[in-house]
Structures are given as C-alpha cells and as structure tokens.
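Right, one structure below, let's go through it.
Residue numbering restarts at 1 for every chain, and letters A, B, ... go by the order of the sequence lines. All figures in this text were calculated on a predicted structure; none of them were measured in a lab. Computation of the quantities below employed the complete heavy-atom set of this structure, encompassing side-chain atoms and omitting hydrogens, waters and symmetry-equivalent molecules.
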Protein chains: 2
Amino acid sequence: MSDTQEPSLDEQIAAYQREFRDLDPQVEQVVSALGRLNRRMNVAYGRQVAELGISNAEWEVLKHLVLSGAPYRLGPGELAKRLGLTPAAMTHRIDRMATEGLVTRDRDETNRVRVIVELTDEGRTKWLEAMRMATAFEEDLLQDLSSEERGALGEMLIRLLRRVEHAQPDAGGRLTDLG
Amino acid sequence: MSDTQEPSLDEQIAAYQREFRDLDPQVEQVVSALGRLNRRMNVAYGRQVAELGISNAEWEVLKHLVLSGAPYRLGPGELAKRLGLTPAAMTHRIDRMATEGLVTRDRDETNRVRVIVELTDEGRTKWLEAMRMATAFEEDLLQDLSSEERGALGEMLIRLLRRVEHAQPDAGGRLTDLG
DNA sequence: GCATCGAACTTTAGTGTTGAAGTCTTCAGG
DNA sequence: CCTGAAGACTTCAACACTAAAGTTCGATGC
C-alpha cells in the first residue's frame, strides 16, 4: 500500500523548502528539532509516571507543590496560574488527586475564602519516585554531550527563553506551566 | 498578600536541589529550559494563528497536509498517526475543518474503505499566512545567536533527538506529532 | 453594623479527546 | 458466490478543559 512514512527531520525541512521558498534551513532545523524533541520527551515522561499510577498532569501538580518548599502548600488559584490552567480545571484536578490521596484540600481557617492544597506523604513519595526516573532518563538523554556542550546548550536555550519572555511579556496573564 | 511568584529558572533549579539531593544542575538546566522554551513558543504560535481565525490544532493538520506535497492529500488514519491523536479525534477535527472550508473529505473511489482529506485553496492560503508569521517569529527568536551558534544548537538538538528516538523505538505506535 | 465591592473558588454548559464498540468495504478461502 | 477475517473509519460514552456565571467570605465606606 506504500503507506506514507513519518518523514525524518531532514525530509521535513526539505519539504518545507519546496513549499515555502524563503525559509532559512538553519532556523527551521533548530525550531523543528526543538519541537520534536520536546514531544518525544513528554511521551517518555508520561510512560514513566504511568508506571507509578499517576498521569503527567498529576505529576505536574506534585512538582509545583514540591517546588513551593515545605510545608508544600499552595492555593488552587496559584497552582492554576503556574500550570497554565483555568481555575475551573484546577478544581477538578485537585478533586481527583485528593480522592487518590496525593493531596489534601482544606479551607484556610484564617481566611475562609481561600483553600489550601497540601501534599500528602504519599504524594511526596510519588514525586520522589517520579523524579528518580526522570533524572535517570535525562542523564541518559544527555549522555552523548560533553560537559562543555551541555553548558553551551543550556546557555543558548536560556538566551532564547529570555527572548520569548521579553517578546511577549506574559501578555495573557497565565504562564502555561514551566519545565 | 505576598502572593507567591512564578519562580525563575534559577530559582526553580535551586528548589529542586534542595528537595532532591542527587541532581545534576547542568542537566536540569538544559531540560528545564527546553521545557519552558517550548511551552512559551507554543503559546506564541497559538496567538499568531488565532489572528487567522484558526486554532493551533488546525494549523498542525494544515502543516502535515502541506508537508505531504501536492496534491496535498492524506487519510485520516495517517494524519492521526502523525499528529499523535486517536482516529476518533481525527474524525471530529476533520469534520470541523471541512465545514470551515479548510479541507475536503471524500471517499477514495478506488478503495471505498479509505477516506481522502485534501487541502483546499483556502486551507493552503491559511497555511502560507501562518507560515509567514511563524518564520518571522522564529527569525526574531534566534536573532541573538550567531550562525555558528545556530548550527551548533541545531546539531546538538538533533543528537538528543536521535537518542530519544533510539531509546524508545516508537513503542506505542503513535508518534505524537512532529515540529 | 450594614451594604457593597472584590477576591477566591466552584458550578455549569459547551468543546475536544480518548477507548471501546460498531459499521462498512475489501480480500482470501471454500 | 458466500463466508469469515481484517482494515479504515465512525459512533458512543466517559473524561478533561475552557469561558462564563454563580457562590461565599472578607474588606471598605458610611
């Protein structure tokens, strides 16, 4: 049936050049590689955390709670902002995670408008296990790069990051998660 | 209320090191920067194509049809595989895009099990406009990098890409889109 | 101290996605 | 031919997210 194959990166760039004459192949290579790499990595993360019985989405929440430092508490609104979700979506996500025992949800007794989401021991343990798997994967991923290369790569990525962040100064308000 | 701020990349890495002792900061910097950069870029793309009245999801479909080359035809199944969606989702997405006039959907007369999705002129025009905006954005993004740096960056990203693709040889079958 | 405004979260309606079951077409045997 | 099996897509039910409206509590002004 000669089923069309997933094009390689080079084939893809060549195709773009055929269809769109003023295209800088060097720029396109960077951008396309970035996009593909990220998607593959997210799939990999997803498979790993699935082994722990949690979804990528839940792992993100755990990450941000841990990042907030002990006692690992954040409000739904703050979590929503950091994850790039609407507060409504956050409400439901926390519901699920609370019934699964990963977090607790309580009203703030000093200000009963607010809600406090707090990591449980189980949630913290899950995060630790996920983190162990993730870092092992990341080490393996970067294995072919020397320390100098890693440094140069990180530095260039940060320069790009600064540029996007400056270019669109958080216009929408929501930040759509972090890495 | 001293509302917690979105942590900077450096703050985030420092927090991870506090919570997880064996963490290579250099690796984490690369990985975190990659993740953040990609998300910001996707938000930027989304805003741009929204000006054309299409969603990021629709733009992805247009991209893959164009990449397939004239006469810009692919089946729903093939599109689903390339976009990393289930066939069911593809069916609905094509529905919408067909009513919007971006693509046509027809049965293959030589094999009536198959369906052919074909780009319309309007769809091709939209893609072109989106492409113009995207490349302008990408040029701007990479502005601070010299040609040598761009080459080195692209080369390193491709090395990483090869590693993920090799590490998990398409295990699930679906490839979750490309860049 | 009562009414109003605003903040923080939840609820509701609508859209998009998944996984599983269903339909229709083709192909291979008998 | 007619049957059975496999392939390609669609339909259906359940779930997740968004935008907008609703609820509840706290603060401010009179």
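When the nearest nucleotides of DNA chain D are assigned to A89(B) and A57(A) by heavy-atom distance, the more 5′-ward of the two goes with A89(B).
Note on L62(A): it does not cluster hydrophobically with V115(A), by side-chain heavy-atom contacts below 4.5 Å among ILVMFWY residues.
The side-chain heavy atoms of V66(A) and M131(A), taken from C-beta on, include no pair separated by under 4.5 Å. In this structure, the side chains of R163(B) and R159(B) stay at 4.5 Å or more apart for every pair of heavy atoms.
With distances taken from any side-chain atom of T86(B) to the nucleotides dT18(C), dC9(C), dC9(D), the minimum falls on dT18(C). Residue L85(A) has its side chain nearest to dT18(D) when only dT18(D), dT18(C), dC9(D) are considered.
For A88(A), the side-chain contact (heavy atoms from CB on, under 4.5 Å) partners are T86(A), not counting sequence neighbours. By the salt bridge (charged side-chain N to carboxylate O under 4.0 Å, His left out) test, R105(A) is found to be paired with D95(A), residues two or more places apart in sequence or in another chain being considered. For D108(A), the side chain to side chain donor-acceptor pair (under 3.5 Å) partners at least two apart in sequence or on another chain are T110(A).
Atom-to-atom, CZ of R114(A) to C1' of dA7(C) comes out at 8 Å; the value is rounded to the nearest Å. Rounded to whole Å, the distance from CD on E78(B) to P on dG7(D) is 16 Å. Summarising the geometry, the separation between NE2 on H92(A) and C1' on dT15(C) is reported as 14 Å, rounded to the nearest angstrom. With rounding to whole Å, L83(B) atom CG is found 14 Å from dG16(C) atom C1'. Atom CE in M90(B) sits roughly 15 Å away from atom P in dT11(D) (whole-Å rounding). Here dG16(C) presents its P atom at 14 Å from CD1 of I94(B), a figure rounded to the nearest Å. If you measure from atom CD of E58(A) to atom C1' of dA16(D), you get 12 Å, rounded to the nearest angstrom. In this entry the distance linking CE of M97(A) with P of dC15(D) reads 18 Å, nearest Å.
Applying the 4.0 Å criterion to OP1 and OP2 of dT10(C), one finds that R93(A) has every side-chain N and O outside that range.
Listed here is the closest heavy atom pair of V49(B) and M133(B): N-CE, 4.0 Å.
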Atom pairs, N/O to N/O, protein against nucleotides 20-26 of chain D, distance under 3.5 Å?
{"from": "dG26(D)", "atom 1": "OP1", "to": "R112(A)", "atom 2": "N", "distance (Å)": "3.0"}

Table of protein N/O atoms under 3.5 Å from nucleotides 2-4 of chain C N/O atoms:
none

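The pair R82(A)-E78(A) meets the salt-bridge criterion, since a charged nitrogen lies less than 4.0 angstrom from a carboxylate oxygen.
Sorted by first and then second residue, the side chain to side chain donor-acceptor pair (under 3.5 Å) pairs with a member in residues 115-128 of chain B read E19(A)-R124(B), Y72(B)-R124(B), R73(B)-E118(B); sequence neighbours excluded.
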